[in-house]
Engineer: 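Could you have a look at this structure, given as structure tokens, before my questions?
Values reported hereafter were calculated over all heavy atoms of this structure, with side chains retained and with hydrogens, waters and symmetry mates removed.
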Amino acid sequence: YQRATHVRLTARANPRPRIDSIQVSGTNVMLSFQVVSNWTYTLQYATDASAQPVIWSNLVTLPAQQVTTNFLYVEQTAEQQRFYRLRLGP
């Protein structure tokens with residue numbers, strides 16, 4: 001007599017990373033976005049979006065979380081203009 005083993009897998013499509021809001025207060029920039037559980041996110045910035053190629057630098061990498069949650073990133077910058085993007089993966 002053998003016992004059957006059942007495994008339940010749930011597959012989800014890749015989430016679409018999106019910055020929900022950007023607020024400026026003095027020299028502080030606040031970016032908020034949602035991180036979906038089990039995905040790693042990297043927040044990046046560039047100072048010149050017209051450069052070819054655009055040079056993106058990492059601000060923060062968030063390791064995969066156990067639950068979906070909102071994240072607020074606050075940075076102080078003296079630059080007049082910056083471009084931000086949120087990416088999946090390391």
Engineer: Are any side-chain N or O atoms of Gln65 and backbone N or O atoms of Pro63, one a donor and one an acceptor, separated by less than 3.5 Å?
Structural biologist: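 Yes; at least one donor-acceptor contact below 3.5 Å.
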Engineer: Please enumerate all residues that pass side-chain hydrogen bond (donor to acceptor under 3.5 Å, both in side chains) together with Gln80, with sequence neighbours excluded.
Structural biologist: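 Applying side-chain hydrogen bond (donor to acceptor under 3.5 Å, both in side chains) to Gln80 gives none.
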Engineer: Would you compute the distance between atom CZ of Phe83 and atom CG of Asp48 and round it to the nearest 0.5 angstrom?
Structural biologist: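 Reported value, rounded in 0.5 Å steps: 7.0 Å.
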Engineer: Just how far is it from atom CG of Asn58 to atom CD of Gln44, taken to the nearest 0.5 Å?
Structural biologist: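 Those atoms lie 5.0 Å apart.
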Engineer: What distance separates Leu31 CG from Leu86 CG, expressed to the nearest 0.5 Å?
Structural biologist: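 Those atoms lie 9.0 Å apart.
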Engineer: Would you say Leu59 and Arg82 make side-chain contact, with heavy atoms under 4.5 Å?
Structural biologist: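 Yes, at least one pair of side-chain atoms sits under 4.5 Å.
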Engineer: Distance check, rounded to the nearest 0.5 Å: Arg87 atom CZ versus Thr42 atom OG1?
Structural biologist: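 With rounding to 0.5 Å, CZ (Arg87) is 8.0 Å from OG1 (Thr42).
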Engineer: Mind checking whether Val29 and Tyr84 have side chains closer than 4.5 Å, heavy atoms only?
Structural biologist: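 Yes. Closest side-chain heavy atoms under 4.5 Å.
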Engineer: Honestly curious: do Tyr41 and Val60 fall in one hydrophobic cluster under the side-chain, below-4.5 Å linking rule?
Structural biologist: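 Yes, because Tyr41 and Val60 connect within a single hydrophobic cluster, where side-chain heavy atoms sit under 4.5 Å apart.
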Engineer: Are the side chains of Val35 and Phe33 in contact, using a 4.5 Å heavy-atom criterion?
Structural biologist: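 Yes. Closest side-chain heavy atoms under 4.5 Å.
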Engineer: Say whether Tyr73 and Ile22 are linked into one hydrophobic cluster, either directly or through other cluster members, by side-chain heavy-atom distances under 4.5 angstrom.
Structural biologist: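 The answer is yes; both residues are in one hydrophobic cluster.
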Engineer: Shared ILVMFWY cluster between Trp56 and Leu62, side chains joined below 4.5 angstrom?
Structural biologist: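 Different hydrophobic clusters.
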Engineer: What I'd like to find out is whether the side chain of Thr40 reaches to under 4.5 Å of the side chain of Thr61, using heavy atoms alone.
Structural biologist: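 Yes; the side chains approach each other to less than 4.5 Å.
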Engineer: Between CG of Leu43 and CZ of Arg85, what distance do you get to the nearest 0.5 Å?
Structural biologist: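 Interatomic distance, Leu43 CG to Arg85 CZ, rounded to 0.5 Å: 10.5 Å.
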Engineer: Check whether Trp39 and Leu72 end up in the same hydrophobic cluster, where Ile, Leu, Val, Met, Phe, Trp and Tyr are linked by side-chain heavy atoms less than 4.5 Å apart.
Structural biologist: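 Per the 4.5 Å side-chain linkage, Trp39 and Leu72 are not co-clustered.
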Engineer: Indicate, with yes or no, if Ile19 and Val36 share a hydrophobic cluster defined by side-chain heavy-atom contacts under 4.5 Å among Ile, Leu, Val, Met, Phe, Trp and Tyr.
Structural biologist: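 Looking at the clustering, Ile19 is in the same group as Val36.
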Engineer: Could you report the tightest heavy-atom contact between Gln34 and Asp20, atom names first, then the distance?
Structural biologist: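 It is N-OD2, 3.5 Å.
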Engineer: Looking only at non-hydrogen atoms, find the nearest pair between Val54 and Ala46 and report the distance.
Structural biologist: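 Smallest heavy-atom distance, with atoms named: CG1-CB, 3.7 Å.
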Engineer: Within the structure provided, determine whether Pro15 and Leu88 are in side-chain contact (heavy-atom separation under 4.5 Å).
Structural biologist: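 Counting from C-beta outward, Pro15 and Leu88 do come under 4.5 Å.
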Engineer: Assess whether atom CD of Glu79 is packed by more than 12 heavy atoms of other residues, nucleotides or ligands within 6.0 Å.
Structural biologist: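 Yes, CD of Glu79 has more than 12 neighbouring heavy atoms, counting only those of other groups under 6.0 Å.
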